[in-house]
Structure formats: structure tokens, C-alpha cells
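Note sheet for the following structure.
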Amino acid sequence: MNWTLEVVIVPVSDIDRAKDFYSEQLGFAVDHDTEIGEGVRLVQLTPPGSGCSIVIGEGAVPTMEPGSLQGLQLVVPDIRKAHAELVERGVEVSDVQVLGHSPTPMPDLLDNVGFLFFTDPDGNGWAVQQISTRP
């Protein structure tokens, strides 16, 4: 049986601001934006090419402190290109960093070890890792 992670709840203080950041600056697709009733709203967004979405909202999501989610990670085939795209979209992002070393030789020296980091407007922390070749 396959067990797939399909949704992660991201705690935010301002749904519209977060929706704009994730859709306009990061390029996530807005799958739906539903107001179920007064004080109950869900917005689901999915990174391009991902099988896992994030949900932001109020009322129907667990109560968590905005900005308290750390360590979310995206994977891209080209970290340099991802860095340039995020900078172009106005995201405050770290420089590309090499963390550790790959256990097996890779065609691109940044495979598995190339990372960059950013936070959303509430301080939720994201990492982006390059994996273009899987051993």
C-alpha cells in the first residue's frame, strides 16, 4: 500500500497576504479558495509539479502559531535557476549553500547538497534542495 503525503497545513496570520505570497511570488497554483461559513475559509495551493499541497485558512484548520512551522522543503532540479526565479519574483532568499557532501558522485556537484532558504511573510521556514539525479 502506498502512503502519500498530500497536504500540509501552514499557519498564517493573514490569509490573503499568504495566498498572494504563495501564488504570486512562489508560483504555487491556487487549487481552491473556499469560504464555508463566517470565520471558516480554506485555501489550497500546490507547488508546480508537486503531489503535495499546502492549506492556509481559518476555522477548519488546527490552531497553530503563525510562523511556527519550520523545515518545509521543496526539491528542484536546478538550485541556481530556482534562486534566480525567486529573486526575480521578489522573494528574500539566502544565497545557494552547500550543506554536507553527496555520498555518491553526481554529475552536478550541487546535487543533494545545494540548498537555499526563505521564509513566508509570517516566518514559516522553507528550504529548497537540488536533486536532479537520483542514485
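When reading the values below, keep in mind they use all heavy atoms of this one structure, side chains included, and skip hydrogens, waters and symmetry mates. Note that the numbering runs from 1 along the sequence shown for the chain.
Taking a 6.0 Å sphere around NE2 of His32, one finds it holds more than 12 heavy atoms contributed by other residues, nucleotides or ligands. The environment of CD in Glu6 is crowded: more than 12 heavy-atom neighbours from other residues, nucleotides or ligands sit within 6.0 Å.
Both Val128 and Val96 belong to a single network of hydrophobic side chains, linked directly or stepwise wherever heavy atoms of I, L, V, M, F, W or Y lie under 4.5 Å apart. When hydrophobic clusters are built by joining Ile, Leu, Val, Met, Phe, Trp and Tyr residues whose side-chain heavy atoms come closer than 4.5 Å, directly or via intermediates, Val61 is not grouped with Val12. Under the 4.5 Å side-chain heavy-atom criterion for Ile, Leu, Val, Met, Phe, Trp and Tyr, Val75 and Val98 are members of distinct hydrophobic clusters. Both Val8 and Leu26 belong to a common hydrophobic cluster when Ile, Leu, Val, Met, Phe, Trp and Tyr are linked at side-chain heavy-atom distances under 4.5 angstrom. In the hydrophobic clustering of this structure, Ile131 does not group with Leu116; members are Ile, Leu, Val, Met, Phe, Trp, Tyr whose side-chain heavy atoms approach within less than 4.5 Å, directly or through other members.
Gln129 places no side-chain N or O within 3.5 Å of a backbone atom of Gly114 that could act as its donor or acceptor partner. In this structure a side-chain-to-backbone donor-acceptor pair under 3.5 Å is missing from Asn112 to Ser102. At distances below 3.5 Å, at least one donor-acceptor pair connects side-chain atoms of His83 with backbone N or O atoms of Ser94. Panel note: side chain Ser50, backbone Pro47; no donor-acceptor pair is recorded below 3.5 Å. A distance-only check finds no donor-acceptor pair linking the side chain of Asn124 to the backbone of Thr119 [under 3.5 Å]. Between the side chain of Gln70 and the backbone N or O of Gly123, at least one donor-acceptor pair lies under 3.5 Å. A distance-only check finds no donor-acceptor pair linking the side chain of Asp122 to the backbone of Pro66 [under 3.5 Å].
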Query raised in the report: When you look at Arg41 and Val43, which way does the side-chain contact (heavy atoms from CB on, under 4.5 Å) test go after all the steps?
Result: CA-CA 7 Å; Arg41 180 178 174 197; Val43 180; 3.9 Å; yes
Requested in this report: Please step through side-chain contact (heavy atoms from CB on, under 4.5 Å) for the pair Val30 and Tyr22, ending with a clear verdict.
Outcome: CA-CA 9 Å; Val30 178; Tyr22 285 104; over 6 Å; no
Query raised in the report: Does the pair Glu58 and Val40 meet the rule for a side-chain contact (heavy atoms from CB on, under 4.5 Å), with working shown?
Result: CA-CA 5 Å; Glu58 64 179 338; Val40 181; 6.0 Å; no
Query raised in the report: Would Ile54 and Phe28 satisfy side-chain contact (heavy atoms from CB on, under 4.5 Å), going step by step from the backbone distance to the final call?
Result: CA-CA 9 Å; Ile54 64 166; Phe28 288 19; 4.0 Å; yes
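Atoms CD1 and CG, from Ile79 and Asp95 in turn, are 11.5 Å apart once rounded to the nearest 0.5 Å. Thr104 OG1 to His101 NE2: the interatomic distance, rounded to the nearest 0.5 Å, is 10.0 Å.
Gln130 and Asp108 share a donor-acceptor pair across their side chains, judged by distance under 3.5 Å alone.
Taking every heavy atom of both residues into account, Ser132 and Pro77 meet most closely at CB-O, 3.2 Å. Between Trp126 and Gln73, the shortest heavy-atom contact is CE3-N, 4.4 Å. The two atoms that bring Ile9 and Leu69 nearest to each other are O-CD2, 3.3 Å, heavy atoms only. Nearest heavy-atom pair, Ile56 versus Lys19, reported as atom, atom and distance to 0.1 Å: CD1-N, 3.6 Å. Considering every non-hydrogen atom in both Asp31 and Ser53, the closest pair reads OD2-OG, 3.5 Å. Glu92 approaches Phe118 most closely through the heavy-atom pair O-CB, 3.4 Å.
A 4.5 Å side-chain heavy-atom check between Leu110 and Arg80 finds at least one atom pair inside the cut-off.
Between Asp120 and Arg17 there is no salt bridge, since no side-chain N of the basic residue sits under 4.0 Å from a carboxylate O of the acidic one. Between Glu85 and Lys81 there is no salt bridge, since no side-chain nitrogen of the basic residue lies less than 4.0 Å from a carboxylate oxygen of the acidic one.
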